[in-house]
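Working notes, structure below.
All ligand and atom numbering here is 1-based and tracks the order in the structure. For this chain, numbers begin at 1 and follow the sequence in order. Just so it is clear, the structure is predicted and the values come from calculations on it, not from any experiment.
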Amino acid sequence: MASRLNPLRRLRVPPWSEQRPSWPDAKPELIDAALARALARPAGNWYVLGASTALRAGRPLGRTVAGVELVAWRGTDGRFCVGPGACPHLGAPLCDGSVHGNRLVCRWHGLALSPSGRRDWTPYPAHDDGLLLWVRLDEVGGEEPLPAPVVPRRPPLEGSVAAVACAAGRCEPEDVVANRLDPWHGSWYHPYAFAGLRVVSAPPPVPDCPADDDVFVVDVAYRVVGSLGVPVTAEFRCPDPRTVVMTIVSGEFAGSVVETHATPLAPGRTAVIEAVRAHSNRRGLALTAPLLRPLIRRASHRLWRDDLAYAERRYSLRNP
Ligand code: FES
Ligand SMILES: [Fe+2]
(Lines give C-alpha, C1' and ligand atoms only; values in the text may rest on other atoms or scores of the structure.)
(Ligands and ions follow the chains in the order given, each with its own letter.)
Protein backbone atom coordinates (compact mmCIF):
# COMPACT_ATOMS: atom_id res chain seq x y z
CA MET A 1 0.00 0.00 0.00
CA ALA A 2 2.90 2.38 0.66
CA SER A 3 3.70 4.56 -2.32
CA ARG A 4 5.59 7.65 -3.26
CA LEU A 5 2.65 9.67 -1.96
CA ASN A 6 1.37 7.46 0.79
CA PRO A 7 3.69 6.20 3.56
CA LEU A 8 1.02 3.97 5.17
CA ARG A 9 1.15 0.17 5.07
CA ARG A 10 -1.45 -2.35 6.06
CA LEU A 11 -0.07 -3.99 9.20
CA ARG A 12 -0.38 -7.73 9.52
CA VAL A 13 -0.04 -8.33 13.24
CA PRO A 14 -1.69 -10.84 15.58
CA PRO A 15 -4.32 -9.78 18.14
CA TRP A 16 -2.89 -8.27 21.34
CA SER A 17 -3.10 -11.44 23.46
CA GLU A 18 -1.54 -13.58 20.74
CA GLN A 19 1.65 -11.53 20.38
CA ARG A 20 4.87 -13.17 21.38
CA PRO A 21 5.47 -12.29 25.05
CA SER A 22 8.45 -9.98 25.34
CA TRP A 23 9.23 -10.50 29.01
CA PRO A 24 11.84 -13.26 28.52
CA ASP A 25 13.94 -10.76 26.52
CA ALA A 26 13.26 -7.72 28.73
CA LYS A 27 15.83 -8.79 31.29
CA PRO A 28 15.79 -6.61 34.41
CA GLU A 29 19.59 -6.85 34.77
CA LEU A 30 20.05 -5.63 31.18
CA ILE A 31 17.78 -2.61 31.72
CA ASP A 32 19.42 -1.88 35.10
CA ALA A 33 22.91 -2.01 33.56
CA ALA A 34 21.93 0.33 30.70
CA LEU A 35 20.33 2.70 33.22
CA ALA A 36 23.42 2.68 35.47
CA ARG A 37 25.63 3.60 32.49
CA ALA A 38 23.25 6.40 31.50
CA LEU A 39 23.19 7.77 35.05
CA ALA A 40 27.00 7.85 35.10
CA ARG A 41 27.24 10.11 32.02
CA PRO A 42 27.97 13.80 32.48
CA ALA A 43 25.25 16.37 31.92
CA GLY A 44 27.41 19.28 33.05
CA ASN A 45 24.57 20.38 35.41
CA TRP A 46 22.26 21.31 32.51
CA TYR A 47 18.50 20.81 32.84
CA VAL A 48 15.76 21.24 30.24
CA LEU A 49 13.28 23.92 31.24
CA GLY A 50 10.79 23.57 28.41
CA ALA A 51 10.09 24.39 24.79
CA SER A 52 11.75 27.43 23.23
CA THR A 53 8.28 28.45 22.05
CA ALA A 54 7.02 28.50 25.67
CA LEU A 55 8.88 31.76 26.17
CA ARG A 56 6.91 34.56 24.59
CA ALA A 57 8.41 37.95 23.94
CA GLY A 58 7.78 40.33 26.81
CA ARG A 59 6.44 37.65 29.17
CA PRO A 60 8.53 36.02 31.89
CA LEU A 61 8.15 32.33 32.57
CA GLY A 62 8.24 30.78 36.04
CA ARG A 63 9.63 27.29 36.56
CA THR A 64 10.97 25.17 39.41
CA VAL A 65 13.84 22.76 38.83
CA ALA A 66 14.98 20.47 41.64
CA GLY A 67 13.27 22.75 44.14
CA VAL A 68 14.98 25.88 42.78
CA GLU A 69 12.50 28.60 41.82
CA LEU A 70 13.47 30.18 38.50
CA VAL A 71 12.33 32.93 36.22
CA ALA A 72 13.14 32.99 32.50
CA TRP A 73 12.68 35.77 30.01
CA ARG A 74 13.79 36.91 26.61
CA GLY A 75 14.91 40.49 26.14
CA THR A 76 14.21 42.58 23.08
CA ASP A 77 17.69 41.66 21.84
CA GLY A 78 16.45 38.03 21.74
CA ARG A 79 18.75 36.87 24.52
CA PHE A 80 17.38 34.13 26.76
CA CYS A 81 17.97 34.72 30.49
CA VAL A 82 17.28 32.66 33.60
CA GLY A 83 17.68 33.74 37.21
CA PRO A 84 16.36 33.08 40.72
CA GLY A 85 12.57 33.35 40.78
CA ALA A 86 12.32 35.51 43.90
CA CYS A 87 12.90 39.24 43.77
CA PRO A 88 16.01 40.23 45.78
CA HIS A 89 14.07 43.10 47.37
CA LEU A 90 11.13 41.46 49.24
CA GLY A 91 10.80 38.14 47.46
CA ALA A 92 8.02 38.82 44.95
CA PRO A 93 7.56 36.13 42.31
CA LEU A 94 9.47 37.53 39.37
CA CYS A 95 7.39 35.49 36.93
CA ASP A 96 4.62 38.03 37.66
CA GLY A 97 6.89 40.87 36.49
CA SER A 98 7.17 42.22 32.99
CA VAL A 99 9.92 42.61 30.44
CA HIS A 100 10.99 46.07 29.32
CA GLY A 101 13.81 46.15 26.83
CA ASN A 102 16.24 43.55 28.07
CA ARG A 103 15.30 43.96 31.71
CA LEU A 104 12.82 42.18 33.91
CA VAL A 105 10.86 44.58 36.11
CA CYS A 106 9.40 43.38 39.41
CA ARG A 107 5.73 44.05 39.80
CA TRP A 108 5.80 44.85 43.51
CA HIS A 109 8.11 47.89 43.59
CA GLY A 110 9.64 48.18 40.13
CA LEU A 111 13.11 46.78 40.72
CA ALA A 112 14.63 46.26 37.24
CA LEU A 113 16.93 43.25 36.80
CA SER A 114 19.30 43.08 33.87
CA PRO A 115 20.70 39.85 32.33
CA SER A 116 24.04 40.60 34.01
CA GLY A 117 22.40 40.47 37.45
CA ARG A 118 23.46 42.32 40.57
CA ARG A 119 25.23 41.58 43.84
CA ASP A 120 22.22 39.90 45.45
CA TRP A 121 20.71 38.31 42.36
CA THR A 122 22.91 36.19 40.09
CA PRO A 123 21.55 34.79 36.80
CA TYR A 124 22.27 31.20 35.84
CA PRO A 125 23.97 30.06 32.62
CA ALA A 126 21.18 29.52 30.10
CA HIS A 127 20.99 28.07 26.60
CA ASP A 128 18.29 28.14 23.93
CA ASP A 129 19.04 25.48 21.30
CA GLY A 130 16.15 26.61 19.09
CA LEU A 131 13.86 23.79 20.20
CA LEU A 132 14.45 23.60 23.95
CA LEU A 133 15.46 25.92 26.77
CA TRP A 134 18.16 24.78 29.19
CA VAL A 135 19.49 26.11 32.48
CA ARG A 136 22.68 25.17 34.30
CA LEU A 137 22.33 24.68 38.04
CA ASP A 138 25.76 23.84 39.39
CA GLU A 139 24.72 23.51 43.01
CA VAL A 140 21.96 21.07 42.12
CA GLY A 141 23.94 18.95 39.66
CA GLY A 142 27.20 18.94 41.59
CA GLU A 143 29.14 17.83 38.50
CA GLU A 144 31.95 19.47 36.63
CA PRO A 145 30.08 22.20 34.72
CA LEU A 146 29.97 22.01 30.93
CA PRO A 147 29.89 25.25 28.92
CA ALA A 148 26.84 24.03 26.97
CA PRO A 149 24.31 21.21 27.30
CA VAL A 150 24.65 17.91 25.45
CA VAL A 151 22.20 18.68 22.64
CA PRO A 152 21.25 15.59 20.61
CA ARG A 153 21.89 15.49 16.89
CA ARG A 154 18.74 16.56 15.06
CA PRO A 155 17.57 16.47 11.46
CA PRO A 156 17.91 19.66 9.41
CA LEU A 157 15.24 22.32 9.91
CA GLU A 158 14.28 22.15 6.25
CA GLY A 159 11.77 19.35 5.71
CA SER A 160 11.15 19.01 9.45
CA VAL A 161 8.27 19.64 11.80
CA ALA A 162 8.94 20.13 15.51
CA ALA A 163 6.66 19.80 18.50
CA VAL A 164 7.25 19.68 22.26
CA ALA A 165 4.94 18.02 24.78
CA CYS A 166 5.24 18.25 28.57
CA ALA A 167 3.86 16.14 31.40
CA ALA A 168 4.76 15.55 35.04
CA GLY A 169 4.50 12.67 37.46
CA ARG A 170 5.42 11.32 40.89
CA CYS A 171 8.79 9.78 40.10
CA GLU A 172 12.46 10.59 39.64
CA PRO A 173 14.23 11.24 36.31
CA GLU A 174 15.76 7.76 36.43
CA ASP A 175 12.26 6.22 36.32
CA VAL A 176 11.52 8.09 33.10
CA VAL A 177 14.82 6.97 31.58
CA ALA A 178 14.28 3.35 32.74
CA ASN A 179 10.92 3.30 31.00
CA ARG A 180 12.56 4.25 27.72
CA LEU A 181 15.33 1.69 28.23
CA ASP A 182 12.65 -1.00 28.18
CA PRO A 183 11.63 -0.91 24.51
CA TRP A 184 10.05 -4.36 24.90
CA HIS A 185 6.93 -2.90 26.44
CA GLY A 186 5.96 -1.08 23.20
CA SER A 187 3.40 -3.33 21.49
CA TRP A 188 2.09 -4.78 24.75
CA TYR A 189 1.67 -1.59 26.73
CA HIS A 190 0.84 0.82 23.89
CA PRO A 191 -1.08 -1.35 21.38
CA TYR A 192 -2.93 1.76 20.16
CA ALA A 193 0.41 3.25 19.01
CA PHE A 194 2.79 0.39 18.21
CA ALA A 195 2.49 -2.94 16.44
CA GLY A 196 4.86 -5.79 15.81
CA LEU A 197 7.68 -4.36 17.91
CA ARG A 198 10.82 -6.43 17.73
CA VAL A 199 14.05 -5.54 19.54
CA VAL A 200 16.69 -6.24 16.92
CA SER A 201 19.63 -5.64 19.25
CA ALA A 202 20.25 -4.49 22.80
CA PRO A 203 23.35 -3.81 24.89
CA PRO A 204 24.71 -6.77 26.84
CA PRO A 205 23.45 -7.33 30.43
CA VAL A 206 26.82 -6.43 31.94
CA PRO A 207 28.03 -3.25 33.65
CA ASP A 208 30.51 -2.18 30.98
CA CYS A 209 29.71 -1.65 27.35
CA PRO A 210 31.49 0.43 24.65
CA ALA A 211 29.52 3.61 23.89
CA ASP A 212 28.91 2.51 20.28
CA ASP A 213 27.21 -0.69 21.47
CA ASP A 214 25.15 1.06 24.14
CA VAL A 215 22.10 1.26 21.92
CA PHE A 216 18.76 -0.47 21.47
CA VAL A 217 17.65 -1.08 17.88
CA VAL A 218 13.98 -1.73 17.33
CA ASP A 219 11.77 -2.62 14.36
CA VAL A 220 8.27 -1.34 14.92
CA ALA A 221 5.23 -0.10 13.08
CA TYR A 222 3.69 3.11 14.28
CA ARG A 223 -0.08 2.81 14.05
CA VAL A 224 -1.69 5.76 12.37
CA VAL A 225 -5.25 4.57 12.07
CA GLY A 226 -6.68 1.07 12.61
CA SER A 227 -4.50 -1.49 10.88
CA LEU A 228 -2.66 1.16 8.85
CA GLY A 229 0.75 2.21 10.03
CA VAL A 230 4.30 3.27 9.23
CA PRO A 231 7.04 0.65 9.77
CA VAL A 232 10.40 2.02 10.90
CA THR A 233 13.68 0.96 12.42
CA ALA A 234 14.63 3.11 15.39
CA GLU A 235 17.50 3.28 17.84
CA PHE A 236 17.50 4.49 21.43
CA ARG A 237 20.50 6.04 23.15
CA CYS A 238 21.08 8.03 26.36
CA PRO A 239 23.41 10.98 25.75
CA ASP A 240 23.14 12.13 29.37
CA PRO A 241 21.57 10.83 32.60
CA ARG A 242 18.22 12.53 32.02
CA THR A 243 17.75 12.11 28.28
CA VAL A 244 16.79 9.30 25.95
CA VAL A 245 16.92 9.94 22.22
CA MET A 246 15.05 7.81 19.73
CA THR A 247 16.27 8.24 16.16
CA ILE A 248 14.54 6.69 13.17
CA VAL A 249 17.38 5.13 11.24
CA SER A 250 15.49 3.65 8.31
CA GLY A 251 12.02 3.65 6.83
CA GLU A 252 9.73 6.63 6.53
CA PHE A 253 10.87 9.69 8.43
CA ALA A 254 14.48 8.45 8.65
CA GLY A 255 16.55 10.97 10.63
CA SER A 256 13.58 12.04 12.77
CA VAL A 257 14.25 12.23 16.48
CA VAL A 258 12.18 11.99 19.64
CA GLU A 259 14.07 13.40 22.62
CA THR A 260 12.71 12.51 26.03
CA HIS A 261 14.11 14.79 28.72
CA ALA A 262 13.40 14.21 32.41
CA THR A 263 13.75 17.26 34.63
CA PRO A 264 13.48 16.94 38.42
CA LEU A 265 10.98 19.42 39.82
CA ALA A 266 11.14 18.43 43.49
CA PRO A 267 11.92 15.21 45.37
CA GLY A 268 9.65 12.56 43.87
CA ARG A 269 8.29 14.86 41.18
CA THR A 270 9.62 14.94 37.63
CA ALA A 271 8.68 16.66 34.39
CA VAL A 272 8.89 14.86 31.08
CA ILE A 273 9.66 17.21 28.22
CA GLU A 274 9.46 15.41 24.93
CA ALA A 275 10.71 17.13 21.80
CA VAL A 276 9.94 15.62 18.41
CA ARG A 277 11.58 16.75 15.25
CA ALA A 278 9.97 14.75 12.47
CA HIS A 279 11.78 14.82 9.16
CA SER A 280 10.77 13.62 5.74
CA ASN A 281 12.11 13.98 2.25
CA ARG A 282 8.55 13.81 0.95
CA ARG A 283 7.37 17.14 -0.25
CA GLY A 284 4.66 18.82 1.74
CA LEU A 285 5.67 17.95 5.31
CA ALA A 286 6.35 21.60 6.06
CA LEU A 287 2.98 22.54 4.54
CA THR A 288 1.18 20.18 6.89
CA ALA A 289 3.13 21.41 9.93
CA PRO A 290 0.22 23.35 11.51
CA LEU A 291 -1.87 20.17 11.31
CA LEU A 292 0.90 17.80 12.32
CA ARG A 293 2.16 19.68 15.36
CA PRO A 294 -0.98 19.19 17.50
CA LEU A 295 -1.24 15.56 16.34
CA ILE A 296 2.37 14.87 17.38
CA ARG A 297 1.75 16.56 20.72
CA ARG A 298 -1.43 14.57 21.28
CA ALA A 299 0.33 11.29 20.46
CA SER A 300 3.17 12.16 22.90
CA HIS A 301 0.68 13.02 25.64
CA ARG A 302 -1.19 9.78 25.18
CA LEU A 303 1.97 7.69 25.30
CA TRP A 304 3.26 9.61 28.30
CA ARG A 305 0.04 9.17 30.23
CA ASP A 306 0.83 5.44 30.20
CA ASP A 307 4.59 5.76 30.45
CA LEU A 308 4.30 8.04 33.47
CA ALA A 309 2.12 5.39 35.13
CA TYR A 310 4.98 2.94 34.43
CA ALA A 311 7.58 5.39 35.82
CA GLU A 312 5.42 6.20 38.86
CA ARG A 313 4.91 2.51 39.56
CA ARG A 314 8.67 1.95 39.39
CA TYR A 315 9.18 4.85 41.80
CA SER A 316 6.53 3.64 44.24
CA LEU A 317 8.02 0.14 44.33
CA ARG A 318 11.32 1.76 45.32
CA ASN A 319 9.67 4.11 47.84
CA PRO A 320 6.82 2.13 49.40
S1 FES B 1 9.68 42.77 45.88
FE2 FES B 1 10.49 43.18 43.94
S3 FES B 1 10.82 45.30 43.93
FE4 FES B 1 10.04 44.86 45.89
FE1 LIG C 1 6.26 3.46 26.45
Stacked cation flag Arg302 on Tyr192, 6.0 angstrom / 45 deg
yes
Is Arg242 close enough and on-axis enough to Tyr47, meaning under 6.0 Å and within 45°, for cation-pi?
yes
Around the Fe ion (ligand 2), what protein N, O or S atoms are found below 2.8 Å?
His185 NE2, His190 NE2, Asp307 OD1, Asp307 OD2
When you check the space around atom 2 (Fe) of ligand 1, which protein N, O or S atoms turn up under 2.8 Å?
Cys87 SG, Cys106 SG
Can you check side chain to side chain contact (heavy atoms under 4.5 Å, CB included) on Arg170 and Arg313, steps first, answer last?
CA-CA 9 Å; Arg170 267 189 57 76; Arg313 170 71 178 170; over 6 Å; no
Closest contact, heavy atoms only, [X] versus [Y]:
{"X": "Val199", "Y": "Pro183", "value": "CG2-CG, 4.0 Å"}
{"X": "Pro93", "Y": "Trp108", "value": "CD-CZ2, 4.2 Å"}
{"X": "Gly186", "Y": "Leu197", "value": "CA-CD1, 3.9 Å"}

Criterion ring-ring contact (aromatic ring centres under 6.0 Å, His included) on Trp134 and His261, from CA distance to verdict:
CA-CA 11 Å; Trp134 303 72; His261 299 273; 5.4 Å; yes
Set out, in order, the CA-CA distance, both residues' side-chain angles and the distance that settles side chain to side chain donor-acceptor pair (under 3.5 Å) for Thr247 and Glu235, then state yes or no.
CA-CA 5 Å; Thr247 306; Glu235 61 173 45; 4.9 Å; no
If the plane angle is over 60° it's perpendicular, under 30° parallel, otherwise tilted; pick one for His109 and His89.
perpendicular
